[in-house]
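Notes to accompany the following structure.
Atoms within each ligand, like the ligands themselves, are counted from 1 in listed order. All values reported here derive from a predicted model rather than from experimental measurement.
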Amino acid sequence: MLDTPLFRRLMSNHPANEPILGYEPGSEERDSLQSELDRQMSEVLEVPCIIGGKEVFTGNTATQVIPHDHGHVLANVHLAGREEMAAAFEAAVQSQKGWIDSGLEARCEVFERCAELLAGDWRMKVNASTMLNQSKTAFQAEIDAACELIDFWRFNCHYARGFHDDFQPLISPAGVENSTEIRPLEGFVLAITPFNFTSIAGNLPSAPALLGCTSVWKPSRNSYLSNYVVMQLMMEAGLPPGVINFLPGSGAEITEVALSNPDFAGLHFTGSTATFQGLWKEISDSLPNLRSYPRIVGETGGKDFVVAHPDCDNRGLTVALLRGAFEYQGQKCSAASRAYIPRSVWASISSELCEEVGKITMGDARDFTNFMTAVIDQRAFDKITGYISRAAGSSSSEIIVGGGYDDSKGWFIEPTIIVTNDPNSETMVEEIFGPVLTVYVYDDDDFESTLEICDQASPYALTGSIFANNEEDVRKAFEALRFTAGNFYINDKPTGAVVAQQPFGGARASGTNDKAGGPLNLLRWISPRSVKRTLEIPQDWRYPFMGED
Ligand code: NAD
């Protein structure tokens, strides 16, 4: 066990992970979730922008539909125009001084209250809106929208509380008092969030706010409803007006307006690699207009792998592939989407794997017997089915199970497994972000060269796992794949990172690896001030060496 002051501080009195509710038949939580689902199904909500704490209904609306029942409208969302965008950034700038003055403890109290509300009365509201808006099963909504967001809020407060003591200067010589002020960035942070995790959406604007920044939150057009519910929760918890401003609307336009404001101090982004690379470029072009060099934090795409050794737990591997590839329809940045399986293992697991895929139930998220639901929208459906049709027509690939799809009622795509003899085929190297797993079968003797192929095949480096029984084989993979994944799993699926257990993030084309859910991310939102106070003030400008012999 480490024994440093920082580690001792982090270990003392830290929060526990929020327990996951089971939603078993007959349970109280299942009844209450079902009635909340019915309630949300029976209304069409008007979702406003929230600027300086005020609701703004612009009249320029977009609808939110249910991905597994796309004829059903859940909400009309009032989109921000340029005027509202400029007002949101101004509100963020104006509210920063008061927010800083309130102090870290008061800010922690707000976010700890958010966690209490989400753990209590708001849990079903947030979970139900996530199930309907983003088409998640009850379990997927629970681990994301409830547990992970509660954990983000609680652990972020725990980490931030110690920063003052953690980063004081080591030395104050006689006559001098040195100290470090943990200041926030000067200005606002633009939080641009993805559709697939309500928890990430809530965390991106609130993590910088905890440290004293203010934020403008641009939610994804596919999760406006659930994200609005989270915004309402934060306001009920006492978030002061203007500290976080909720701004549905065009990402490109919001970015343009943000960058025209000199107080743009940072970007907190999660989404695709292409979007992030474009944003980075725009920010660098805007530098002459900005007061500070902005902090850029982005977690982006993945092409997450499973490598099996000939000596491995075959049943464990099968379960990891099923859960890792198909939970939430493969729409996790960490989803297993390429697997390297030795010929002997493939011979023993392939029929069972296909049989199990055949048993996967898919449909409405409100039917709790379903393991999968629909993908997020028509664009995703077209993109994913494009990969499937090209694989079907390729001479190097074969679809061994699934491959069907139907968008008549919802955007449904069957869990699909492709086997390829080309380790660089399209579905082995590109992010698909859907329920498609590609397997490359290698000769049992080629474990080490397969690790090299895995390392080199894709530009991404987010998550990956190794299945092996022998410690020496695990070590070989650990070393060969050092830079291939920011989150590395041994004998487990590559998904399901838990706050304070496996801080999450990847490098290479997968992001800046600032580890959401850990102290490293929070440190990006501070800009310390070093302070020297001289107690014995020099009264003579001459130095002793200047004396005459
Ligand atoms: P996306 O890039 O399409 O959208 C992300 C956000 O960026 C959305 O709010 C979107 O409106 C906004 N956006 C899109 N174009 C923009 C532009 N030109 N200017 C400004 N904003 C713009 O991604 P998505 O479909 O919402 O999410 C899926 C992607 O996110 C996948 O690539 C997935 O791997 C990645 N992801 C990564 C992590 C991680 O931690 N690494 C976690 C979740 C999702």
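- Between W217 and T193, the side chains place a donor N or O and an acceptor N or O closer than 3.5 Å (distance only, hydrogens not considered).
- Residue-level proximity to ligand 1 for F433 is carried by the side chain, the only part with a heavy atom below 4.0 angstrom.
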Would you give me the side-chain donor-acceptor pairs under 3.5 Å for residues 324-338, sequence neighbours excluded?
from: Y328; atom 1: OH; to: Q134; atom 2: O; distance (Å): 2.7
from: Q329; atom 1: OE1; to: T373; atom 2: N; distance (Å): 2.9
from: Q329; atom 1: NE2; to: S135; atom 2: O; distance (Å): 3.4
from: Q329; atom 1: NE2; to: T373; atom 2: OG1; distance (Å): 3.0
from: Q329; atom 1: NE2; to: A374; atom 2: O; distance (Å): 2.9
from: Q331; atom 1: OE1; to: I376; atom 2: N; distance (Å): 3.0
from: K332; atom 1: NZ; to: Q140; atom 2: OE1; distance (Å): 2.9
from: S337; atom 1: OG; to: K303; atom 2: NZ; distance (Å): 2.9
from: R338; atom 1: NE; to: K303; atom 2: O; distance (Å): 2.8
from: R338; atom 1: NH1; to: Y340; atom 2: OH; distance (Å): 2.8
from: R338; atom 1: NH1; to: C454; atom 2: O; distance (Å): 3.1
from: R338; atom 1: NH2; to: K303; atom 2: O; distance (Å): 3.0

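- The presence of a protein heavy atom under 4.0 Å from atom 27 (O) of ligand 1 is confirmed.
- Between the CG atom in L74 and the CD atom in Q40 there is a gap of 8.0 Å [rounded to 0.5 Å].
- Among A335, G251, A497, G278, the residue whose heavy atom lies closest to atom 19 (N) of ligand 1 is G251.
- Taking 4.0 Å as the cut-off, F276 does not count as a neighbour of ligand 1 on heavy-atom distance.
- The option with the heavy atom closest to atom 6 (C) of ligand 1, from among L279, T275, T193, is T193.
- The shortest separation from a heavy atom of E431 to ligand 1 is under 4.0 Å, placing the residue in contact.
- Residues N127 and Y23 bring a donor and an acceptor atom of their side chains to less than 3.5 Å of each other.
- Using a 4.0 Å cut-off to heavy atoms of K218, the atoms of ligand 1 that qualify are 9 (O), 10 (C), 11 (O), 12 (C).
- Checked by atom type, the side-chain pair T130/T198 shows a donor-acceptor distance below 3.5 Å.
- Nearest to atom 41 (N) of ligand 1 among the protein's heavy atoms is T300 O, 2.8 Å.
- Side-chain atoms of S226 and S129 include no donor-acceptor pair closer than 3.5 Å.
- Distances shorter than 4.0 angstrom occur between a heavy atom of F504 and an atom of ligand 1.
- Among all protein heavy atoms, the one lying closest to atom 12 (C) of ligand 1 is I192 CG2, 3.6 Å.
- Side-chain polar atoms of N487 and D304 form no donor-acceptor pair below 3.5 angstrom.
- Here the NZ-OG1 distance, from K493 to T463, works out to 10.0 Å after rounding to the nearest 0.5 Å.
- A donor-acceptor contact shorter than 3.5 Å links the side chain of R295 to the backbone of R524.
- Of all atoms in ligand 1, numbered sequentially from 1 with element shown, those under 4.0 Å from a heavy atom of T270 are 5 (C), 36 (N), 37 (C), 38 (C), 39 (C), 42 (C), 43 (C), 44 (C).
- For the atom pair CG of L317 and CD1 of I341, the computed distance is 4.5 Å after rounding to the nearest 0.5 Å.
- Below 4.0 Å from some heavy atom of I200 lie the following atoms of ligand 1, by number and element: 42 (C), 43 (C).
- Aromatic pair W411/H68: centroids not less than 6.0 angstrom apart.
- Taking each of C333, A516, G511 in turn, the one with a heavy atom nearest to atom 36 (N) of ligand 1 proves to be C333.
- In the candidate list P194, G301, G271, G271 is nearest to atom 35 (C) of ligand 1, counting heavy atoms.
- One side chain, T512 or D514, offers a donor N or O that lies under 3.5 Å from an acceptor on the other.
- Listed by number with element, the atoms of ligand 1 under 4.0 Å from a non-hydrogen atom of N196 are 43 (C), 44 (C).
- In summary, the atoms of ligand 1 found under 4.0 Å from a heavy atom of L462, numbered by their order in the structure, are 41 (N).
- When hydrogens are left out, the protein atom nearest atom 23 (O) of ligand 1 is S272 N, 3.5 Å; that is the closest non-hydrogen contact.
- Applying the ring-ring contact (aromatic ring centres under 6.0 Å, His included) rule to F163 yields the partners F167; only residues at least two apart in sequence or on another chain are considered.
- Atom 24 (P) of ligand 1 has F195 CD2, 3.8 Å as its closest protein atom, hydrogens excluded (heavy atom only).
- Residue contact check: T255 has heavy atoms under 4.0 Å from atoms 19 (N), 20 (C) of ligand 1.
- Ligand 1 has at least one atom lying under 4.0 Å from a heavy atom of P219.
- Counting heavy atoms only, A252 comes closest to atom 17 (C) of ligand 1 of the residues G249, A252, S220, S223.
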